[in-house]
Amino acid sequence: MFKRPRGTRDLLPKEMAARRAVESVLRETFERYGYGEVQTPTFEHLELITAKSGDEITDHLYDFVDKSNRKLTLRPELSAPTIRLYVNELRNRPKPRKLYYFENCFRYERTQKGRYREFWQAGVELVGSARPEAEAEVVALAAACLENIGLKNYGLTIGNRGIFRAVFNHYNIAEDAQNLILSQLDKKDVQFADLDMPKDAKNITVSIIKPIAMIKESLANRKNIRSRLQTILKDDFKIIESELRDFEEFLDLLEGFGATDCEIDFLIARGLDYYTGMVFEIFAKEGLGAQNQILGGGTFSLVKLMGGGDVPSCGFGFGFDRLMLALESQGALPASAAAPRVFVVPETRKMLNRAIEIVSDLRKEVSCELELMGRKLGKALSYANTEEIAYVLIVSEDSEGDEVILKDMRSGAQKTIDYREVPDEVG
RNA sequence: GCCGAGGUAGUGUAGCAUGGCAGCACAGGGGACUGUGGAUCCCCUAGCCCGGGUUCAAAUCCCGGCCCCGGCCCCA
């Protein structure tokens, strides 16, 4: 017996039907907003991934050396490959470029609920604009996806890295210290005084960064943000004013797009230094364990990292598997329509050829299954029953011409009709 | 990398403490009820995660590994 590699899953027909149904809702929604699908290779040069995420992440990669000694890796995510694709193929096209993807990714990590070594991501990248209206539309798209899928119990949290960035730049805090601070902000029990960085960085962290990180307001109360920032920054308020104005405009526009129920939380820093402005995430409030984030995104400058000039971009990625888990826990999985509706059974072996003729003809219009086990009629009906097939079509020796017996398994009623009428009868 | 709980037919489980013929239910295949389902009855298929150790004897005890579930770290 062979077993699956750790962290992988076998997906059965019922589960796949639900996944495909959700997938197509996502695709339709992305396309409604004008995004076009792209596909990138399953593996990339290792350097592409390390350029984005640093050398340390090789610990979490399925990387390998091919027979010509190229250093490659299975993709751990899709935004770097998608931006690479943009730089390679699309950078001279009009902006914005609106790209979406739906693919599997691979990470070498300890498995948990909602965390697998092969998983699926669905996401978009809006390349070329980081204007407030672009950011607002991207967030609105994410919310529209969940609306269309029918996920209910989720939270949308929006933050901003641009404001932190402006503060850091104003105080000349080195990039290493910035990343360290941001990555520690959401940890409990962190004493910033103990961290290994310059003293002035610690002071700024305690007096400014951390207080900003504590700001939490609903979208409706967003006006409070300005006054709270003024209180924290005092005379230095002007250093973030331009960033704040953009952010406020983004929030106003977001409300215009119809988003009402979200929280602004500057703690959402999303450690990565390529995020430049707005950042957001969506988490499921039930059904998932510790890994409850189902979407992450924001405004970033990845194009430059991929060698393509300073083009601002905005995007997000769904953790598709977690989305499915969240839906499942809410009993909101789409109903499966995969089962055949008609089961064609020859009453006797003699009628098999006739049954084959009929099933072949019917398959032009309806999903049909033919009895392939040589079962007698009683067993065949029993099978149809357990498989929840709605109709059984009995090809009887007693029937004349194109007549067959159509039996409704739910009611038990049956009638003799011309088999060509079956598609209408079961429709 | 770390912590905890687990691993017995396809699925769900009993048995494990105190070692002694691996059982039950459902599912699956066949059959009876002489060719129309869900009922009933009979038969069959099918299992102790892997490898060592202790023992006359291991599903059971010990060690190691693998896998799985939850969590920590991490989370692009």
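Side chains included, hydrogens not; waters and symmetry mates left out as well; all remaining heavy atoms used.
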Problem set entry | Side-chain donor or acceptor of Arg410(A) paired with backbone N/O of Ala390(A) under 3.5 Å | no
The nucleotide from rC67(B), rA76(B), rU36(B) with an atom nearest the side chain of Ile394(A) is rU36(B)
Rounded to whole Å, the CZ-P distance (Arg9(A) to rC69(B)) equals 10 Å
query = Base, sugar-phosphate, or nothing: which does Lys113(A) touch, judged by heavy atoms less than 4.0 Å apart?
reply = sugar-phosphate
Regarding the side chain of Met409(A), the nearest nucleotide among rA76(B), rU36(B), rG37(B) is rG37(B)
Asp408(A) CG to rG38(B) P, in whole Å, measures 16 Å
C1' spacing across the pair rG6(B) / rC68(B), given as an integer number of angstrom: 8 Å
Within the structure shown, what part of the strands sits under 4.0 Å from Tyr383(A) by heavy-atom distance: base, sugar-phosphate, or nothing? nothing
query = Is it the case that Asp321(A) and Tyr116(A) place a side-chain donor and acceptor less than 3.5 Å from each other?
reply = no
Report task. Determine the interatomic distance between P on rA59(B) and the same-named atom on rG47(B); round to the nearest Å. Result -> 15 Å
Winner on side-chain proximity to Asn385(A), out of rG37(B), rA32(B), rA76(B), is rG37(B)
_Between Asp265(A) and Thr157(A), is there a side-chain donor-acceptor contact under 3.5 Å, judged purely by atom types and distance?_
no
- At under 4.0 Å between heavy atoms, what does Arg110(A) touch on the DNA or RNA strands: base, sugar-phosphate, or nothing? base
- Counting any heavy atom closer than 4.0 Å, what does Thr348(A) reach on the DNA or RNA strands: base, sugar-phosphate only, or nothing? base
How would you label the contact of Ala290(A) with the nucleic acid (heavy atoms, under 4.0 Å): base, sugar-phosphate, or nothing?
sugar-phosphate
Measure from the side-chain N and O atoms of Glu371(A) to the backbone N and O of Met373(A), and report whether any donor-acceptor pair falls under 3.5 Å. yes
Of rA76(B), rG37(B), rC73(B), the nucleotide closest to the side chain of Arg115(A) is rC73(B)
| said: So, does Thr386(A) get its side chain near the phosphate of rG28(B), meaning an N or O under 4.0 Å from OP1 or OP2? | reply: yes
Separation of rG31(B) atom C1' from Lys379(A) atom NZ, nearest Å, is 7 Å
Worksheet item: Sub-3.5 Å donor-acceptor pair from the side chain of Thr73(A) to the main-chain atoms of Tyr62(A), do we have one?
Response: yes
Winner on side-chain proximity to Lys376(A), out of rA76(B), rG31(B), rU36(B), is rG31(B)
Comparing Gly374(A) with Arg349(A), nearest RNA chain B nucleotide closer to 5' gives the residue Gly374(A)
From the candidates rC75(B), rU36(B), rG37(B), the one with an atom nearest any side-chain atom of Ser382(A) is rG37(B)
Fill in: Tyr274(A) and Lys52(A) side chains, donor-acceptor separation under 3.5 Å
yes
Ranking rA76(B), rG71(B), rU36(B) by distance to the side chain of Ile405(A), first place goes to rU36(B)
Of rC72(B), rG37(B), rA76(B), the nucleotide closest to the side chain of Gln112(A) is rC72(B)
Glu387(A) CD to rG38(B) P, in whole Å, measures 16 Å
Expressed in whole Å, how much space separates the P atoms belonging to rA58(B) and rG12(B)?
28 Å
I'd like to know if the side chain of Lys407(A) and the backbone of Gly412(A) have a donor-acceptor N/O pair within less than 3.5 Å. yes
Here the distance between atom C1' of rA27(B) and atom CD of Glu388(A), to the nearest Å, is 14 Å
Exercise. Is the shortest side-chain N/O distance from Arg375(A) to OP1 or OP2 of rG29(B) below 4.0 Å?
Worked result: yes
Discussion item. Using a heavy-atom cut-off of 4.0 Å across all strands, would you classify Gly412(A) as base, sugar-phosphate, or nothing?
Written reply: base
Sorted by position of nearest nucleotide on RNA chain B, 5' first, the leading residue of His60(A) and Met373(A) is Met373(A)
Please work out if Gly7(A) contacts a base, only the sugar-phosphate, or nothing of the nucleic acid, heavy-atom cut-off 4.0 Å.
-> sugar-phosphate
- request: Using the C1' atom as the reference point in each nucleotide, state the distance between rC67(B) and rG53(B) in Å, no decimals.
  value: 22 Å
Side-chain contact check for Arg6(A): nearest option of rC75(B), rC72(B), rC68(B) is rC68(B)
